Amino acid sequence: MDYTELSFDRLSDFDRQGQEAVLAIYRSGGIELDPQIKERYVLRKAGQIIGTAGLAGRSLRSIAVAPEFEGQGYTAYMLSRVKDKLILEDANAPIFISTKSEEADKFIALGFSKLALVENEPGLRGSALLYHPQAAFPAYLKKLQDESFERLNKYKPKLNESSALVMNLNPLTKGHLKLIDLALAESAVLHLFILSAEASSFPFALRRKILTEVAKSRPRLIVHETGPWLISLESFPGYFYSDTEEALRSQAALDEAVFAQIATALKIGRRYLGTEELSWETSIYNQTLLARAKNYELVLVERFCSPDGKIISASRARAILAEAQSSGLKSEQLEELKEILPEESLAIILKEYSELKGLR
């Protein structure tokens with residue numbers, strides 16, 4: 001390979017000719033345009049675009065080379081360049097590749113490890129999720145075990161007495177709290193995984209702070225952070241941004257495969273899911289998990305309502321707070337928030353948001 005002929009750089013959104021060249025490479029490889037890609041890079045040889053790679057966070061996606069240049073090391077070259085960029089940004093954070101299942105071995109040969117893989121099925125696109133470095137996921141599992149050790153040793157749950165919830169808590173509502181308490185009532189210990197992704201109205205630090213406060217009075221509740229491993233921008237971007245149903249089902253299937261490994265490591269025998277009629281993405285996610293979970297029990301819990309029959313809605317709480325930040329919190333809005341949010345959430349939110357101070 002003559003490196004003097006090569007250049008590798010980010011493709012401008014305004015480069016129409018370059019965009020067309022990328023689409024031609026995708027069409028030749030049967031690759032669909034990925035709406036989750038935020039940065040697209042192209043490999044040029046003597047000025048001609050011969051390859052492309054996309055980035056969504058720290059996930060490499062839609063890596064492709066023009067057919068006439070395949071098998072000549074250009075995929076490895078692009079992979080190396082993007083890896084160097086991501087390592088320079090954060091040397092400690094893992095790097096992911098999302099690709100078609102039949103392409104997984106190619107990237108494993110280039111130093112990536114398989115995190116999850118699902119084969120082609122009716123309504124499900126064959127997909128693979130790979131990561132680097134190899135020690136990253138085992139280190140995450142070890143962290144989860146260390147976080148759990150003291151209480152597992154104290155309460156000594158049997159397999160069917162150790163349960164899990166995976167929640168965004170944007171923000172934590174009375175409905176969330178009822179689901180947590182229901183799961184705790186039916187379990188010896190409850191592992192609650194809070195989404196770490198910064199893709200919600202409430203920043204992770206605030207969501208984590210509220211959950212920590214709630215956990216103080218619930219000693220059998222073990223709190224974990226998902227990091228990039230569960231429902232993250234890298235592993236499940238469709239949860240946060242719109243995508244096709246087929247893509248959502250494939251990403252949900254990959255997420256279930258990752259959770260199954262976590263369940264094995266922590267000896268989790270049951271996982272609770274809350275219904276969400278207002279969220280198409282959550283409905284697809286729940287359907288996929290119910291169809292695929294094998295080594296643990298899934299319990300689907302209907303959404304909780306207030307005593308007067310109203311839906312307890314985190315989205316309604318977000319709407320009230322968004323309006324209050326621009327026009328001030330009115331007394332009737334505060335009363336409605338009190339119906340939606342538990343004391344822990346409301347107290348911390350009112351304290352943290354300066355626009356709402358003094359209105360507790």
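Please read all numbers here as calculations on a predicted model, not as lab measurements. All values below come from the heavy atoms of this structure, side chains included, with hydrogens, waters and symmetry mates left out.
- The hydrophobic clustering, which links ILVMFWY residues whose side-chain heavy atoms are closer than 4.5 Å, places I95 and L130 together.
- If you chain together hydrophobic residues whose side chains sit under 4.5 Å apart, L165 and V223 fall into the same group.
- More than 12 heavy-atom neighbours from other residues, nucleotides or ligands sit within 6.0 angstrom of CD on Q287.
- Of all heavy-atom pairs spanning I222 and E147, the tightest one is CG2-O, 3.9 Å.
- The hydrophobic cluster containing F149 does not contain I268, counting ILVMFWY residues as joined when their side-chain heavy atoms lie under 4.5 angstrom apart, directly or transitively.
- Y26 contributes a side-chain N or O that, together with a main-chain N or O of S62, makes up a donor-acceptor pair within less than 3.5 Å.
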Check against side chain to side chain contact (heavy atoms under 4.5 Å, CB included), E161 and S187: CA-CA 5 Å; E161 297 175 339; S187 312; 5.7 Å; no
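- Remark: K142 NZ is loosely packed, at most 12 non-hydrogen atoms of other residues, nucleotides or ligands lying under 6.0 Å away.
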Starting from the C-alpha separation in whole Å, work towards a yes-or-no answer on side chain to side chain contact (heavy atoms under 4.5 Å, CB included) for T212 and K209. CA-CA 5 Å; T212 299; K209 185 176 182 178; 5.7 Å; no
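- Geometrically, R270 does not engage Y296 in a cation-pi contact defined by less than 6.0 Å to the ring centre and at most 45° from the axis.
- Nearest heavy atoms, S196 versus E225: OG-CB, 3.6 Å.
- Side-chain atoms of T264 come within 3.5 Å of backbone N or O of A260 as a donor-acceptor pair.
- The distance from atom CG of L346 to atom NZ of K338, rounded to the nearest 0.5 Å, is 7.0 Å.
- Between the OH atom of Y285 and the CZ atom of R249 there is a distance of 13.5 Å, given to the nearest 0.5 Å.
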Worked check of side chain to side chain contact (heavy atoms under 4.5 Å, CB included) between L124 and N120: CA-CA 6 Å; L124 193 68; N120 284 298; over 6 Å; no
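- When only modelled atom types and interatomic distance are considered, E335 and S331 share no side-chain donor-acceptor pair under 3.5 Å.
- S201 OG to L206 CG: the interatomic distance, rounded to the nearest 0.5 Å, is 11.0 Å.
- In the hydrophobic clustering of ILVMFWY residues, with side-chain heavy atoms under 4.5 Å counting as a link, V189 and L298 come out apart.
- At distances below 3.5 Å, not a single donor-acceptor pair connects side-chain atoms of E20 with backbone N or O atoms of Q17.
- Separating the CZ atom in F69 from the OH atom in Y74 is a distance of 6.5 Å, to the nearest 0.5 Å.
- Shown here is E343, whose CD atom has no more than 12 heavy atoms of other residues, nucleotides or ligands within 6.0 Å.
- Scanning all heavy atoms of the two residues, the minimum distance from L86 to G57 falls at CD2-O, 4.3 Å.
- Residues S59 and E234 share a closest heavy-atom pair of OG-O, 3.7 Å.
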Could you walk me through whether Q145 and L152 pass the side chain to side chain contact (heavy atoms under 4.5 Å, CB included) check? CA-CA 9 Å; Q145 291 169 334; L152 291 181; over 6 Å; no
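- No continuous path of ILVMFWY side-chain contacts below 4.5 Å connects V22 to L60, so the two sit in separate hydrophobic clusters.
- At distances below 3.5 Å, at least one donor-acceptor pair connects side-chain atoms of R151 with backbone N or O atoms of L221.
- Partner of E32 under the salt bridge (Lys or Arg N to Asp or Glu O under 4.0 Å) criterion, chosen from R27, R61, R125: R125.
- E246 CD to Q251 CD: the interatomic distance, rounded to the nearest 0.5 Å, is 11.0 Å.
- With hydrogens and angles disregarded, no donor-acceptor distance shorter than 3.5 Å links the side chain of K178 to the backbone of G175.
- The only option from L184, V301, L273 that meets the side-chain contact (heavy atoms from CB on, under 4.5 Å) definition with L179 turns out to be V301.
- Atom CD of E68 has more than 12 heavy atoms from other residues, nucleotides or ligands within 6.0 Å.
- Rounding to the nearest 0.5 angstrom, the gap separating the OG atom in S232 from the CG atom in L129 is 7.5 Å.
- Between F8 and Y41, the ring-plane angle classifies as parallel under the 30° and 60° cut-offs.
- Side-chain atoms of E297 never come within 3.5 Å of backbone atoms of A293 as a donor-acceptor pair (strictly under, hydrogens ignored).
- In plain terms, the two heavy atoms of I312 and R303 that are nearest each other are O-NH2, 3.2 Å.
- Between the side chains of S200 and N168, at least one donor N or O lies within less than 3.5 Å of an accepting N or O.
- Under the 3.5 Å distance criterion, the side-chain polar atoms of S345 are matched with a main-chain donor or acceptor of L172.
- L117 and A104 get closest at one heavy-atom pair: CD1-CB, 3.9 Å.
- Other residues, nucleotides and ligands contribute at most 12 non-hydrogen atoms within 6.0 Å of the NZ atom of K154.
- No more than 12 heavy atoms of other residues, nucleotides or ligands sit less than 6.0 Å from atom NZ of K267.
- With hydrogens and angles ignored, the 3.5 Å screen pairs a side-chain donor or acceptor of Q19 with a backbone N or O of S12.
- Ring pair Y131/F96 is tilted by interplanar angle, where 30° to 60° counts as tilted.
- For the pair N170 (side chain) and F202 (backbone), a donor-acceptor distance under 3.5 Å is present.
- Judged purely by atom type and a 3.5 angstrom limit, R40 has no side-chain atom pairing as donor or acceptor with the backbone of D13.
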